Amino acid sequence: MSKHAITRRSFLARSGAAAALAAGGGFVSFNAWEQAHADEAGGGQETTAHSLCNSCSSKCGFTGYVTDGRLGKMIGDPDHPYCEGTLCARGYGYAAIAYSEDRLTDPLKKNEAGEFEAISWEQAFQEIGEKLTAIIDESGPEAISLVHDPRPSGSFYCPRFMTALGSPNVYTHGASCNLSKTSGFMQAIGAGDYSSDIENAKMVLFIGRSYADGIRPSSVHAMMKGHDNGCHVVIVDPRCNNSIHFADEWVPIKPGTDLALVLAMANVLVSQGTYAKEYVEANAIGYEDWFAKLPQYTPEWAEGITGIPADTITRLANELWEAAPASSIEQSWRAAFGCAYQNSGETGRAICLFNTLLGCWGEKGGAIFYGGAAAGPLDPQKFPAPPAVEGKKVGSDEYPLAAASMGTCLAAAEAALDGKMRAMITYQSNMAAGYSNPAHLAECFDAMDLVVAIDVQMSETCMCADYVLPDTSYLERLEVPEFVGGKVPVVSLRDRVIEKVHPSTKPVDEIFSGLAEACGVGEYFNFTIDELADAQLQTLGISLAELQEKGTITFPDIKVVYGPKTEWATPTGKIQFTSDACAAAGLPASPEWLEPRVTPGDGEFRLIGGKQAIHTHTQTANIEPLMEITKKYGLDRIWMNADVAAQMGIEENDEVEVSSSEFTGTTRMHVTQRIEPTSIYLPSHYGCSSPDQRTAYGVGLRQMDFVPFGIEPVYGGACTQEAIVTVKKVGA
Ligand SMILES: Nc1nc2c(c(=O)[nH]1)N[C@H]1C(S)=C(S)[C@@H](COP(=O)(O)OP(=O)(O)OC[C@H]3O[C@@H](n4cnc5c(=O)[nH]c(N)nc54)[C@H](O)[C@@H]3O)O[C@H]1N2
Ligand SMILES: Nc1nc2c(c(=O)[nH]1)N[C@H]1C(S)=C(S)[C@@H](COP(=O)(O)OP(=O)(O)OC[C@H]3O[C@@H](n4cnc5c(=O)[nH]c(N)nc54)[C@H](O)[C@@H]3O)O[C@H]1N2
Ligand code: SF4
Ligand SMILES: [Mo]
């Protein structure tokens, strides 16, 4: 609980004036709600603490209000750059995890019969420690691996633990998120991310990214501002996604063909000579090579592949050029080229080259790069660093362009099948359900000698594990400070908001310290999380107490300065229209059209996924209030184009059977004009197969079940949309 507690009485005194204003304006604010419910709360003791949401990777800052030990309210922190004072529905809903009846409460061990039995932490640490050290002794530290979805403390403890054991095999969830696009960007511009300055832009083209569905509140705010400021927003998506509310135009595209669109738009500009010639000549290498290839990629050619009329392709290219440099193709995140197809990495590369033609890098309204702050080096006596590990991650030879910071965890899992990977630890990762074909991943886990899953509920990955270790919920733990880049970068803090609900759970720092001790490398973990957080902050002249009080502290000196960007962290120091690393890996030196792995024929569809605003990946389906919304609005249904459905005699809400080479399942159909005819859309959050998640279990279908296991050559992404399905009405 925060030391900076305020009493209910003082909070109400401060909020009274705001409540009066709100009532006069004809709407009820949180402050007015607070007033109205003050009596009901029985005047209990209220405390507050700043913390960070854990429902998705945005980790928005909020203030938690706790009455008599129970969380009652959360308000987004105005200074936090991702939330800007607003949390999304998932943020509120996911807080219920702390009180979920399906929480893991004790360490579990799988017995001979495949059932889990509760054991003590001492036994868990000791047995896992013995098994890990035995595997290291027999097969070397490269036979163990760890997969995590980076969170503040996880990003510190996971690599430290693995480095202490001598293993380079630390992976993020990236192979199922943004690995391909990040790796493609790296080849072109030497950076894995950029941001479209949509608030100041004249035009932004979104390709397979929906701010209004795959939510980060600040992105939604920026899109709203951009729209209000007259920015021309275009959405290229097989579905008319919910960002249409802030957009002018939906351009339906056949999934997996975005590379053809980008190549053709580049051809339009280069063949007309309407591109930022001086900028390209001064900042890029290899453009002559790419330009020489472009004439074959005519808008008419691209129309045949993408389904987008040639004159629309020409118009979009010209509109982007007319708006340049205050225009860009937005960087996207996951879907179209994060980890979807065997051409995802190359699509990412081509998008960076197209933006270069616009001369928009660093420009106001263009595509900009954020700076960030970081903690300085720690006292080596108190926080001794384990010796650096020399070797490369498993998978980096086969997937040489996979960004080294992420690696491809799928290759690590597959290495189990030939006995090379013997143990895997997962932290806050549901790899078995969400990263590729679950049946294949279960085989990989089966082939390992040891699988340890650290989670808060019985995920599908936990079901594959030999040991399951129960973390505290995010509301119950302090984590290391989180540095966030932005127009003005910040540092912010996940702090304890409530006391532990289940006494036998342990926070992530204690879990890794316990495991390290049991593996004989405890000397690298001889400090508390409070000491570590404070020491990191002190390197910047901030104390833990100060950050606990403020929640978020800004670094205004590192703010974005507009102007053409001319420095590039590529091997050549230039924007690389040709990349030696791509050529060495067997790709063309500059991007060319590359087909997706599969293409639907007559009577077939490509299965695509996508986020819904009220759910996160697989982790919120078991949250009752969020699942109620799903059920009320039939959000677990799949989508089919209305004309196609009419031809097939399928109507709204019909029960349908969906089949791929891997899986067959039944669900209900949503018939709509908001999807192009060759796609079937399956929302990404359903089909939980863990009976212990009683709310989520068995609701809807799981996209990954239909997807054949496959890894994008060279880049290492999961190829999550290289899946063909057929659909028929049940009983027809
Ligand atoms: N509500 C919610 N918000 C989230 C998350 C969440 O789980 N839930 N997760 C966060 C995370 S980690 C991420 S990575 C982001 C993901 O954010 P996004 O990348 O926006 O996520 P998606 O919903 O997977 O895909 C966006 C759109 O791409 C479209 N699409 C699918 N295939 C193609 C294609 O081949 N071409 C084109 N042009 N479009 C295609 C889909 O129809 C969808 O509308 O969201 C973040 N925010
Ligand atoms: N089916 C499906 N698959 C997906 C996606 C999807 O939307 N649907 N999205 C893709 C994308 S964009 C991404 S980024 C990845 C994300 O991949 P993951 O990060 O693996 O996300 P989740 O599938 O939500 O699984 C998170 C796991 O962490 C657990 N967890 C939640 N809170 C805590 C905590 O405080 N401590 C610990 N130890 N565990 C906790 C949850 O119970 C859950 O089992 O998934 C990818 N795969
Ligand atoms: S975007 Fe929503 S779910 Fe994600 S961290 Fe922010 S409030 Fe939480
Ligand atoms: Mo993601």
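For ligands, and for the atoms within them, numbers begin at 1 and follow the listed sequence. Keep in mind that what you see is a predicted model, and the values were worked out from it rather than measured.
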Is it the case that over 12 heavy atoms from other parts of the model lie below 6.0 angstrom from the CD atom of E101?
no
Please write down residue, atom name and distance for the protein heavy atom closest to atom 47 (N) of ligand 2.
G434 O, 2.6 Å
Flag for E676-T678: side-chain donor and acceptor within less than 3.5 Å
yes
Between the side chains of T616 and R90, is a donor N or O closer than 3.5 angstrom to an acceptor N or O?
yes
Can a donor-acceptor pair be found between the side chains of T505 and T472 at a distance below 3.5 Å?
no
Are any of the side-chain nitrogens in E510 or K500 under 4.0 Å away from the carboxylate oxygens of its partner?
no
Quick test: of every protein heavy atom, which one is nearest to atom 8 (N) of ligand 1, and how far off is it to 0.1 Å?
H615 O, 2.6 Å
Would R151 count as a contact of ligand 2 if the rule is a heavy atom under 4.0 Å away?
no
Relative to the ring of H80, is the ring of Y82 parallel (under 30°), tilted (30 to 60°) or perpendicular (over 60°)?
perpendicular
Would you tell me which option among H685, H148, Q428 has the nearest heavy-atom contact to atom 33 (C) of ligand 2?
Q428
Taking distance alone, with N or O pairs closer than 3.5 Å, would you say S332 contacts ligand 1?
no
To which protein heavy atom is atom 37 (C) of ligand 2 closest, and what is the distance rounded to 0.1 Å?
D471 OD2, 3.3 Å
Nearest protein heavy-atom contact for atom 14 (S) of ligand 2: which residue, which atom, what distance?
H173 CD2, 3.0 Å
Indicate the ring-plane relationship of F62 and Y474, choosing parallel, tilted or perpendicular according to the 30° and 60° boundaries.
perpendicular
Please state which part of Y94 comes within less than 4.0 Å of ligand 2, counting heavy atoms only: side chain, backbone, both or neither.
side chain
Only heavy atoms of Y341, strictly under 4.0 Å: list the atoms of ligand 1 that pass.
32 (N), 33 (C), 34 (C), 35 (O)
Is I215 close to ligand 1, meaning an N/O of one under 3.5 Å from an N/O of the other?
yes
Heavy-atom nearest neighbour of atom 1 (N) of ligand 2 within options P683, S684, P507
S684
D495 side, atom CG; R477 side, atom CZ - distance, nearest 0.5 Å:
12.0 Å
Apply side-chain contact (heavy atoms from CB on, under 4.5 Å) to the pair S492 and V484, showing each step before the final yes or no.
CA-CA 8 Å; S492 57; V484 186; 4.2 Å; yes
Would you kindly say whether E460 and N430 are connected by a side-chain donor-acceptor distance under 3.5 Å?
yes
If you have a sec, work out which protein heavy atom is nearest atom 43 (C) of ligand 1 and how many Å separate them, to one decimal?
D237 OD2, 3.3 Å
With heavy atoms of C177 as the reference, note each atom of ligand 1 found under 4.0 Å away.
14 (S)
Among non-hydrogen protein atoms, atom 21 (O) of ligand 2 lies closest to H617 CD2, 3.5 Å
Among all protein non-hydrogen atoms, which one is nearest to atom 41 (C) of ligand 2, and what is the separation to 0.1 Å?
D455 OD1, 3.4 Å
Do E476 and S473 have side-chain N/O donor and acceptor atoms under 3.5 Å apart?
yes
Any idea how Y686 and H615 line up, ring-wise: parallel (<30°), tilted (30 to 60°), or perpendicular (>60°)?
perpendicular
Using the rule given for ring pair (Phe, Tyr, Trp, His ring centres under 6.0 Å), can you reason through F156 versus F512, listing the C-alpha separation, both sets of side-chain angles and the distance that settles it, and then say yes or no?
CA-CA 10 Å; F156 179 90; F512 279 105; over 10 Å; no
Among protein heavy atoms, which lies nearest atom 18 (P) of ligand 2, and at what distance?
Y435 OH, 3.5 Å
Looking only at distances, can you tell me whether any N or O atom of R216, backbone or side chain, sits closer than 3.5 Å to an N or O atom of ligand 1?
no
Numbered atoms of ligand 1 (with element) below 4.0 Å of G609, judged on heavy atoms
41 (C)
Taking only heavy atoms of Y427 into account, list the atoms of ligand 2 that are under 4.0 Å away from them.
38 (N)
Polar side chain donor-acceptor pair, Y341 to S180, under 3.5 angstrom:
no
shortest atom 9 (N) of ligand 2-to-protein heavy-atom contact is with K611 NZ, 2.8 Å
Can you check whether S57 has an N/O within less than 3.5 Å of an N/O in ligand 1?
no
Please confirm whether R239 comes within less than 3.5 Å of ligand 1 when only nitrogen or oxygen atoms on both sides are compared.
yes
Looking at atom 36 (N) of ligand 1, what's its closest protein heavy atom, distance included?
D258 OD2, 2.8 Å
Donor-acceptor side-chain pairing of H173 and Q428 below 3.5 angstrom
no
Any N or O on P238 sitting closer than 3.5 Å to an N or O of ligand 1?
no
Give the residue, atom name and distance (to 0.1 Å) of the protein heavy atom nearest atom 19 (O) of ligand 1.
R334 N, 2.9 Å
Which of the ligand 2 atoms, numbered from 1, are nearer than 4.0 Å to a heavy atom of D149:
16 (C), 18 (P), 19 (O)
Side chains of D106 and S504, donor plus acceptor under 3.5 Å
yes
Could you identify the single nearest non-hydrogen protein atom to atom 20 (O) of ligand 1 and state the distance to 0.1 Å?
R209 NH1, 2.7 Å
By number and element, which atoms of ligand 1 are closer than 4.0 Å to a non-hydrogen atom of P255?
34 (C), 35 (O)
Could you tell me whether some N/O pair between I253 and ligand 1 is separated by less than 3.5 angstrom?
no
Cationic N near anionic O, under 4.0 Å, R349 to E346:
yes
Going through the checks in order, is the ring pair (Phe, Tyr, Trp, His ring centres under 6.0 Å) test met by Y211 and F206?
CA-CA 9 Å; Y211 284 5; F206 284 82; 4.8 Å; yes
Y633 atom OH, over 12 foreign heavy atoms within 6.0 Å:
no
Closer than 4.0 angstrom: is that true for some heavy atom of Q457 and an atom of ligand 2?
yes
Under a 4.0 Å N-O cut-off, is there an ion pair linking K181 with D193?
yes
Identify the closest protein heavy atom to atom 15 (C) of ligand 1: which residue and atom is it, and at what distance?
W333 CE3, 3.2 Å
Restricting to heavy atoms, the pick from Q703, E479, Q619 nearest atom 26 (C) of ligand 2 would be Q619
Where does A335 meet ligand 1, judged by heavy-atom distances below 4.0 Å: at the side chain, the backbone, both, or neither?
both
Atoms of ligand 1 close to N241 [distance to a heavy atom under 4.0 angstrom, numbered from 1]:
44 (O)
Show the atoms of ligand 1 that are less than 4.0 angstrom away from any heavy atom in Q612.
1 (N), 2 (C), 8 (N)
Could you tell me the residue and atom name of the protein heavy atom closest to atom 5 (C) of ligand 1, and the distance to it rounded to 0.1 Å?
R90 NH1, 3.4 Å
Give the numbers and elements of all ligand 1 atoms closer than 4.0 Å to a heavy atom of I207.
38 (N)
Write out the residue and atom name of the closest protein heavy atom to atom 23 (O) of ligand 2, then the distance separating them to 0.1 Å.
T618 OG1, 2.5 Å
Which atoms of ligand 1 have any heavy atom of T616 under 4.0 Å away?
6 (C), 7 (O), 8 (N)
Side-chain donor-acceptor pair under 3.5 Å between H617 and K611, yes or no?
yes
Looking at atom 32 (N) of ligand 1, what's its closest protein heavy atom, distance included?
Q721 NE2, 3.0 Å
